[in-house]
Asker: 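I have a structure here, written as structure tokens, and I will follow up with some questions on it.
Here is how names work: the chains are called A, B, and so on, in the same order as the sequence lines, proteins then strands, and each is numbered from 1.
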Number of protein chains: 2
Amino acid sequence: MESSRRTGAKDSQTRSHLLDAAEQLMLEEGYAAVTSRRVGHKAEISPQLVHYYFGTMDDLFLEVFRRRAEEGFAQFERALEAQPTLRTIWSSLSAGPGSVFNLEFVALANHRKAIRAELASYAERFRTMQLDAITSILAARGPLPDGMTPEVVLVTMAGVAQIIALERALGVSGGHDTTLAFVEQFLDEPGTDGSSA
Amino acid sequence: MESSRRTGAKDSQTRSHLLDAAEQLMLEEGYAAVTSRRVGHKAEISPQLVHYYFGTMDDLFLEVFRRRAEEGFAQFERALEAQPTLRTIWSSLSAGPGSVFNLEFVALANHRKAIRAELASYAERFRTMQLDAITSILAARGPLPDGMTPEVVLVTMAGVAQIIALERALGVSGGHDTTLAFVEQFLDEPGTDGSSA
DNA sequence: GTCTATACTTCGATAGAC
DNA sequence: GTCTATCGAAGTATAGAC
């Protein structure tokens with residue numbers, strides 16, 4: 001017996017369909033296209049059910065984000081356990097639709113504080129997890145050049161992965177090939193300062 | 001004698017005020033907050049004038065972008081002429097509100113093709129200009145490590161600058177200090193492979 | 001050349017029947 | 001748990017008075 005709102009069961013099929021539709025709309029047309037009416041229409045469900053299951057649109061956005069985040073999180077953990085390598089970390093940073101998705105959410109977070117908080121918390125959890133992993137991986141590879149800490153490597157890889165994803169979405173590709181080749185070279189290297197073998 | 005729309009004189013004060021208001025709204029609350037009503041209200045001008053001066057909202061967005069782009073472009077050219085250094089390029093990549101601005105526009109471009117085209121064209125022009133500059137600057141610094149071309153350095157710097165700006169907007173700061181310190185070290189180095197002095 | 005009035009659409013959200 | 005009916009607010013855009 002709580003508030004009458006927000007009752008839709010978590011395992012409802014309808015609920016999942018609404019989340020799917022919202023996610024797809026967001027990916028294809030941006031967050032501004034995610035309206036209760038359009039979500040309902042895409043899911044072939046009456047728009048009012050959006051409010052029945054999620055209350056406000058902000059809550060819908062949060063649920064979409066959480067579902068994705070948990071999924072990405074679990075996926076990264078599995079991949080890391082199977083292959084605890086630099087390449088696994090790089091893959092998690094440059095993986096498919098995730099980057100566009102993140103971008104859309106960051107833009108959304110600009111004026112919705114509840115979403116910003118959730119995003120920030122997730123980003124920090126993810127970063128910490130990646131840092132732990134990369135620290136032990138790099139330790140096994142020998143000493144790093146002066147000033148280049150595991151943190152630096154991680155932030156740099158994340159930045160490179162992101163700008164390439166972003167520019168690709170824009171249709172710009174200048175410098176991507178050579179940069180990706182350099183990343184590959186770094187991933188393969190047994191040592192990090194060029195003094196290989 | 002052309003189409004009756006889009007008549008507002010380019011040098012109109014009213015027009016400038018509308019652009020200012022739109023830009024500010026976009027920076028503060030994201031692109032979704034840039035509506036004809038809100039822009040008009042912020043500029044203390046009737047919302048209908050937005051359509052008189054710009055036709056559609058898309059045209060308004062384009063004008064806002066162009067004004068910023070030209071400004072940033074000219075500024076970069078001046079800075080580079082005064083100080084043709086790596087640091088000047090880094091500054092142009094990490095300069096204040098520009099990054100947030102870009103981010104907002106990229107998100108917007110996701111579902112407005114006219115804006116995507118403009119953004120892509122600008123990004124390419126800017127990248128080419130930066131590449132010319134960084135190539136000659138790095139040439140003077142001596143040979144680069146294996147695989148690290150000027151392009152790679154540029155894309156990497158751009159990525160680092162961007163992810164830091166993005167995370168900062170989100171309130172996340174893990175790893176920024178050490179990464180920025182590393183960038184500083186790289187900017188100051190007379191050589192690039194650690195064999196300084 | 002500038003601004004008012006206004007048409008039309010879509011938005012989020014709620015009430016209540018079934 | 002789902003749907004119909006509906007409210008008030010806000011969105012883009014145009015017509016036409018001044």
Asker: Is there any salt bridge (Lys or Arg N to Asp or Glu O under 4.0 Å) pair reaching into residues 99-116 of chain A, and which pairs are they, with sequence neighbours excluded?
Answerer: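 Qualifying pairs, neighbours excluded: A:Asp58-A:Arg112.
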
Asker: How many whole angstroms separate atom CG of B:Leu60 from atom C1' of D:dA13?
Answerer: 14 Å

Asker: Could you list all N or O pairs between the protein and nucleotides 3-6 of chain C that sit under 3.5 Å apart?
Answerer:
from: C:dA5; atom 1: N7; to: B:Gln48; atom 2: NE2; distance (Å): 3.2
from: C:dA5; atom 1: N6; to: B:Gln48; atom 2: NE2; distance (Å): 2.9
from: C:dT6; atom 1: O4; to: B:Gln48; atom 2: NE2; distance (Å): 3.1

Asker: Do you know which two heavy atoms are closest between A:Arg67 and A:Ser16, and how far apart they sit?
Answerer: NH1-O, 4.0 Å

Asker: With sequence neighbours left out, write down each residue that passes salt bridge (Lys or Arg N to Asp or Glu O under 4.0 Å) with B:Arg87, or none if nothing qualifies.
Answerer: B:Glu184, B:Asp188

Asker: I need the minimum non-hydrogen distance between B:Ile89 and B:Ala133, along with the two atoms involved.
Answerer: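 For B:Ile89 and B:Ala133, the tightest heavy-atom pair comes out as CD1-CB, 4.0 Å.
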
Asker: Kindly write out the residues that satisfy side-chain contact (heavy atoms from CB on, under 4.5 Å) with A:Arg38, not counting sequence neighbours, or none if the list is empty.
Answerer: A:Leu25, A:Glu29, A:Ala33, A:Thr35

Asker: Quick one: list whatever passes ring-ring contact (aromatic ring centres under 6.0 Å, His included) with B:Tyr31, sequence neighbours left out.
Answerer: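 Only A:Tyr31 meet the ring-ring contact (aromatic ring centres under 6.0 Å, His included) criterion with B:Tyr31.
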
Asker: Starting from P on C:dT10, measure out to CD on A:Glu29 and report it in whole angstrom.
Answerer: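 Answer to the nearest Å: 14 Å.
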
Asker: Using nucleotides 16-18 of chain C, report all nitrogen or oxygen pairs with the protein that are shorter than 3.5 Å.
Answerer:
none

Asker: Report yes if at least one side-chain N or O of A:His51 is closer than 4.0 Å to OP1 or OP2 of C:dG12; otherwise report no.
Answerer: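 For C:dG12, OP1/OP2 do not have a side-chain N/O of A:His51 under 4.0 Å.
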
Asker: Figure out the CZ/P separation between A:Phe54 and C:dT14, and round it to whole Å.
Answerer: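 For the pair A:Phe54 CZ and C:dT14 P, the rounded distance is 16 Å.
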
Asker: Roughly how many Å is it from CG in A:Asp59 to P in C:dG12, rounded to a whole number?
Answerer: 13 Å

Asker: Provide, to the nearest angstrom, the distance between the NE2 atom belonging to B:His17 and the P atom belonging to C:dT2.
Answerer: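 Going from B:His17 (NE2) to C:dT2 (P), I get 13 Å.
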
Asker: Tell me which pairs pass salt bridge (Lys or Arg N to Asp or Glu O under 4.0 Å) where either residue lies in residues 156-173 of chain A, with sequence neighbours left out.
Answerer: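 Sorted result for residues 156-173 of chain A: A:Glu167-B:Arg127.
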
Asker: For B:Asp177, check salt bridge (Lys or Arg N to Asp or Glu O under 4.0 Å) against everything at least two apart and list the hits.
Answerer: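 Checked B:Asp177 against salt bridge (Lys or Arg N to Asp or Glu O under 4.0 Å); zero matches.
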
Asker: Starting at CG of B:Leu18 and ending at P of C:dT2, how long is that distance when rounded to a whole Å?
Answerer: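 It is 11 Å, rounded to the nearest whole Å.
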
Asker: Considering only distance and modelled atom types, tabulate donor-acceptor pairs under 3.5 Å from the side chains of residues 145-154 of chain A, sequence neighbours left out.
Answerer:
from: A:Thr149; atom 1: OG1; to: A:Glu151; atom 2: N; distance (Å): 3.4
from: A:Thr149; atom 1: OG1; to: A:Val152; atom 2: N; distance (Å): 3.2
from: A:Glu151; atom 1: OE1; to: B:Thr178; atom 2: OG1; distance (Å): 2.7

Asker: Take the protein atom CZ of A:Arg38 and the nucleotide atom C1' of C:dT9, then report the distance between them rounded to whole Å.
Answerer: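 Result: 14 Å.
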
Asker: From NZ of B:Lys42 over to P of D:dA10, roughly how many Å is that when rounded to an integer?
Answerer: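 It works out to 16 Å between those atoms.
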
Asker: For A:Thr35, report the nucleic acid contact type (base, sugar-phosphate, nothing); a contact means any heavy atom under 4.0 Å.
Answerer: sugar-phosphate

